[in-house]
Peer 1: 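After the structure tokens below, expect a handful of questions from me.
Quick note on labels: first sequence line is chain A, next is B, and so on, each numbered from 1.
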Amino acid sequence: MLSSIMPTPKRLRDLIREIRSARTAADERAVVQKECASIRESFRETDNTYRCRNVAKLLYIHMLGYPAHFGQLECLKLIASQRFTDKRIGYLGAMLLLDERQDIHLLVTNSLKNDLSHQTQYIQSLALCTMGSICSAEMSRDLAGEIEKLIKSSNAYVKKKAILCAFRILRKVPDLMEMFIPSTRALLNEKNHGVLLTAVCLITEMCEKSPDTLMHFRKVVPQLVRILKNLIMAGYSPEHDVSGVSDPFLQVKILHLLRVLGKNDVEASETMNDILAQVATNTDTSKNVGHAILYEIVLTIMGIKSEAGLRVLAVNILGRFLLNNDKNIRYVALNTLLRVVNADNNAVQRHRTTIVDCLKDPDISIRRRAVELSFALVNANNIRGMMKELLAYLETCDPEFKSDCCSNIVFAAEKYSPNKRWHIDTVMKVLTTAGNYVKSDLVSILIQMIAETTQLHAYTVQQLFLAMQRDISQQPLVQVASWCIGEYGEQLFNTTVEDAEAVNVTDEEVVDVLEKVLISKLSAVETKEYAITALLKLSTRFKSLSEKIKRIISVYSRSTNVELQQRSVEYTSLFDKYDQMRSALLEQMPLMENRSKSVFAANGETSEGNDILLGTNENVDRTNAENKQQSTVQSESRNILDLLDVGTSPVIPSKQEPPSKSGGVDLLDLLGGVASLAAEPAMPNLVPVAPSVNLIDGLIGPAAPNILLNGSAGFSSTFTAFSKNGLLVEFACERDGGQPTVTSISMKATNSTPTPISEFVFQAAVPKSFQVQLESPSGNFIPPLNGGGVTQLIKVSNPQKQSIRMRIRLTYKHNGNSVTEMGEVNSFPPELWQ
Amino acid sequence: MSAPCVLIASCCNLKPDFLVKEILKLDDLGNGTCILEKICAYDWNIETKYYTASVQLCTTEERTIGNESFAESVEAFLVCFDSHQKNSFDSVKSWLPYLNQLEPEIKMLVCHQCTENHEVKRLTVQEWCIDNDFELVELAPEEDSDENDDFPETTGIKRIIQALHAHTWSNLTMKENPSVCSPYVRQLMQDEFKAKKAQENQKSLDCAPNHVNKTACDSDEENQLRVDSSCVDCAHSSKSNPENQPEFEEAISLAQDVSKIDKEKKPKEKTKEESLDLLHACEDLQLFEALGTDDPGGESFEKLFERFGLMKEKAQSLPHQERKKYAEKVAVAFWRAMGGDEDEVEGLSETDDLDTECIPQNIP
Amino acid sequence: MIKFLLLINKHGQICISKHYQHLEQEDRQRLEKELIGICLKRGNKKSSFLEYHDFILVYRCYLDLFFIAGITKDENEMAIYEFFHLILETLDKYFPKLSEVDIQFNLDKVHMILDEMIINGNIVETSPARILAPIELLDAAKR
């Protein structure tokens, strides 16, 4: 016999020792390979003596990370053995070594089949357990029959495990459902709680998977009602009671199933109305576990076609939850109220005070839900009270909530404001409270709203001015205020405002505040744009200060910020060349068309959460409306721009329809609206790259070094850094006011040839004692005939205050040729570092 | 290899010695052994329900990893700091590079109390702890009036000791029969002990030499309780030999007696249905059959079964050397659980040290 | 349905990790790490429920252990929160004066207890006596 020739297999201990003493990976591999070979050999024998030893060794090898799948079959043999010891080794091995091979699965399936019908419950349980964790769709099909049989078993221990195994099978193969329905239905007659619990889970799963099954199980509603009734009526049963509540987990599962069955079905809902009321009123809430049941019952009442009275009861349960000390209960209550607030708004309204109190809860997730719910509860009747609370909340709430909170307050105020004055006051409060958290889209919405409220212009502009005077760091406030002051500046001196003290202010003070905004380091560029435009408008309203305003505006023609520079240059030219048109151009804007109220009407139907989105749409609507109205003024301004651009661009037709995308905005821009989109549509038929620069071109032209000294704003100078074959690179240098060792250089490249330059790249290098930083360029395309340019900001830090030297490298494509140019720039004026 | 160490340091005026005193529950430490320059060691014999281990509590005045073999032996690290002083917390942070070398499994940051009002805010500390796998332990935490009164948190020095107890020390010796087991089993053991005593008395009186063997069929309590393995044998053979049926039935009655004991123990809690269910008589005895035959004290099948998935995953995540050790342990445990002959694995445990001496060179 | 159940200590070390829904090893580790961070940071001062990805996170701090579960949105989070209590009571019944050491040195038993309570992510048994019966039998048999 073979076995007689074979040496006795190595002991596990010896194998471990051999592996331990392996010095290299190759050694270790060799040991493993040799052992595997011997194990294989040993498997061929019929003798079982060393089977366990072999499996143990395989396990070791497998865990070391070597393939040991050839042991699978051996495991299967063990599973099939009649001895329990063999079986368990086999199952363990199979769990570890099993791979996806089809034939192996087939064999496992067979073994499982045998063990599922074993007479020992623990072996059955073991097979059920294995199946639960490894069953494939195929295995599910093959063994569904066995599982179904076990569901009918008289042994509760096996039964409950089989039920959940069926659950798993149905997840894998839903079409097996049919065969489980009768045996599952019968389970509801069981007494054992474990069986009932799992059966209810299985039925719920079935009903959620198939509408037909759902129909079928609607018939068991009376039975479920009975079980639930027995549960709550039964006295103390130590086995499943949790703090005096009779099996809360079973109650919760049954209530969940009732919800599934009663959904959209009047008859089923009616059958359960009574028991729901009973559970809702009889559940002991002195312990937390009672709350879990009440929570489930509320969900069920709200989820089915329940009676109105019951729904009120449910909302009241949640109201009581809100008063609970336990944060989890409060959290759940708010979460659930949010789900039902649309359907049962009136019932929820009754708990408004409690909900609003939750705005002060120490737990952020509770506050988050409370604020959402509060906004959902705002209506025309409670707007004043609710806003007071919400504004107080806005003041103290976490920064992450502020923006949305502002927007929601503004929209709620818009929708329900009792009167205009209140509306304006609320908006003012938002602007002064939330400061920089107010979103930028809100600014234009507020401006629109204020413009519409003509009867309160005087009041509004005065209040805004005072607020801005107190604090010029609040960007959105300053933006709105600047716009209003520009537009309604003369109203600041109106002393006939009702219910408010007259503002004691001179026109000079107004201009000073705006100038402060322009100078302030805290001001964002966008805010400065609002301010400079406001000043321009005031030049016609405060005629005596016209010269002063002109001076303030002109300072910014040398600003390194292109937007601001552009405005300054444009506006300055309005004072000089086109002075006669200035006052006509800057007249108060005509009242814009009312926003389409339909947006809000639609809004009322949906939840509050969408407001922000809708608000944005509305904004677009409004801009379009505005656009139509303003087209005359617009074309006029266009003409001026045309004139500014003499000779460098084709003539712009004076009555051109503005592009619909942002046509309305450019005018708003000139008059102080949204700035970022401004320059582009102003010259719709120019090459789109950096059109703003083009505009400056018209004014400054390719000028020679043009040195200006300005005491307050630091030194600045413009000179040519490179000029060759029609490509001109100019540097506008400015010594940084805050950091005297830093020089900001605004590089501008223009092209006077008749063909465009593309793929333009500018690079700069400085000696080691300097540091250079290049911002990203405005583009890489330079239109021909000085029709535009590329700008790029360069920052040179010069801590040792040496004379600045720079090497530049330019690469670009022109007329189909790649060009690389190098140059050295030594003509920086010494004022930049001395 | 030297005994595993708990390295204790301080970044404030709370001295490391203080923690040692508290852990050892001594008023006066005496002089520890100076094992390295500036590192003092105090022996600590840990005794828990499950194991005993001797470890060293080592105090240090400065940041150090000692030497290589010391660094190897550090398994836990405690450091004190003062939440009122930012620089105290900063010096805790400067331990990090050292800890990368020491790689202790347990890391605890100890302070008196830490709240949001302190210079180093509690949240900051807590986040740092989470990021660096430290546990924050306050010696005198703020009173927490939370509802979980049934199972309150352990705090202060108690928590430190508890966490150290929960660590698997490299040199721990598992107790053969851990003193912990379910109340049910404990009751069984007590009863058995009493019965044995009674029987011994009896025996000394009777001087009957063969008593233990076949007379087990008496309704004597001791025999009922000791019967599990023998009755399993009966049950086992009963399948093949129908004539053994009487013995089998006897086993059932014994099992019911077991449930009776249980009932007497907690008469208030147990209902009739429950005790019946608890020992579903006949069927459960087949489990004894399964376990009793050739499973002398090893791990039960189901237990191992539960564990295997986890073991497999764990092995994959380990570095090679540890993986090797781990695989050994699993394989040996498996062998024992299968009821394999002790010979197969005998003498292996002493060779634990081997692997530090012969580390394979090129293993990935 | 319960998607997973974790038991971690205050060190953030995982004592027990049971997943009832397949998750790739890497994702599982990433998820566990994230959750541990979240729970340790939140502590027991904040509400124990948290919407997280596509599930609800429920956690509870007992002794020095955190019970953490991920449940589907149709599951009752409060019931799961109470279920943690049931788990702890059951463990406490089995290990008198339960502490972290008991869990650490009896992971197998804890697994068995949990497996008698939850199968495939569903609660299967809620009576502590019934849960412990098979385990106590094993103990008795083993002596």
Peer 1: Using heavy-atom distances under 4.5 Å, tell me whether Val252(A) contacts chain C through its side chain, its backbone, both, or neither.
Peer 2: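 Val252(A) touches chain C through side-chain heavy atoms alone.
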
Peer 1: What are the residues of residues 69-76 of chain C, in order of number, with any heavy atom under 4.5 angstrom from a heavy atom of chain A?
Peer 2: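 Residues Asp74(C), Glu75(C), Asn76(C) are the ones that qualify, each having a heavy atom under 4.5 Å from chain A.
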
Peer 1: Rounded to the nearest 0.5 Å, how far apart are CG of Asn288(A) and NE2 of His85(C)?
Peer 2: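 Separation between the atoms: 9.5 Å.
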
Peer 1: Where on Arg171(A) is there a heavy atom nearer than 4.5 Å to chain C: the side chain, the backbone, both, or neither?
Peer 2: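 Just the side chain, heavy atoms under 4.5 Å.
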
Peer 1: Around atom NZ of Lys263(A), are there more than 12 heavy atoms of other residues, nucleotides or ligands at under 6.0 Å?
Peer 2: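 No.
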
Peer 1: Mind checking what makes ring-ring contact (aromatic ring centres under 6.0 Å, His included) contact with His256(A), not counting sequence neighbours?
Peer 2: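 None.
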
Peer 1: Check the angle between the aromatic planes of Phe83(C) and Phe249(A) and answer parallel, tilted or perpendicular using the 30° and 60° thresholds.
Peer 2: perpendicular

Peer 1: Need one label for Ile119(C): side chain, backbone, both or neither, based on atoms under 4.5 Å from any heavy atom in chain A.
Peer 2: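 Both parts, heavy atoms under 4.5 Å.
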
Peer 1: Counting only heavy atoms closer than 4.5 Å, note whether Leu50(C) contacts chain A via side chain, backbone, both or neither.
Peer 2: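 Looking at Leu50(C), just its backbone touches chain A.
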
Peer 1: For a side-chain contact (heavy atoms from CB on, under 4.5 Å) with Cys201(A), tell me which candidate from Asn122(C), Val124(C), Ile123(C) qualifies.
Peer 2: Asn122(C)

Peer 1: Return the CZ to OH distance between Arg130(C) and Tyr157(A), rounded to the nearest 0.5 Å.
Peer 2: 12.5 Å

Peer 1: Counting heavy-atom pairs closer than 4.5 Å to chain C, which one of Leu255(A), Val195(A), Val332(A) comes out on top?
Peer 2: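 Among Leu255(A), Val195(A), Val332(A), the one with the most close pairs to chain C is Val332(A).
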
Peer 1: How long is the straight-line distance from CZ of Phe49(C) back to CG of Asn335(A), given to the nearest 0.5 Å?
Peer 2: 10.0 Å

Peer 1: Could you tell me the separation between the OG atom of Ser47(C) and the CD1 atom of Ile329(A), rounded to the nearest 0.5 Å?
Peer 2: 11.5 Å

Peer 1: At a 4.5 Å cut-off on heavy atoms, which part of Glu205(A) comes close to chain C: side chain, backbone, both, or neither?
Peer 2: neither

Peer 1: Indicate whether the side chain of Glu77(C) and that of Tyr295(A) have a donor and an acceptor atom separated by less than 3.5 Å.
Peer 2: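 Result is yes, a qualifying pair exists.
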
Peer 1: For a quick test of reading the model, state the closest non-hydrogen atom pair linking Phe321(A) to Met78(C) and the distance between them.
Peer 2: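 Where Phe321(A) meets Met78(C) most closely, the heavy atoms are CE2-SD, 4.4 Å.
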
Peer 1: Nearest 0.5 Å, what's the OG1-NZ distance between Thr126(C) and Lys253(A)?
Peer 2: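 Rounded to the nearest 0.5 Å, the OG1-NZ separation comes out at 12.0 Å.
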
Peer 1: To the nearest 0.5 Å, what is the distance between CG (Asn120(C)) and CG (Leu128(A))?
Peer 2: 10.0 Å

Peer 1: Can Glu51(C) and Arg368(A) be counted as an ion pair, charged N to O under 4.0 angstrom?
Peer 2: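 Arg368(A) and Glu51(C): not salt-bridged.
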
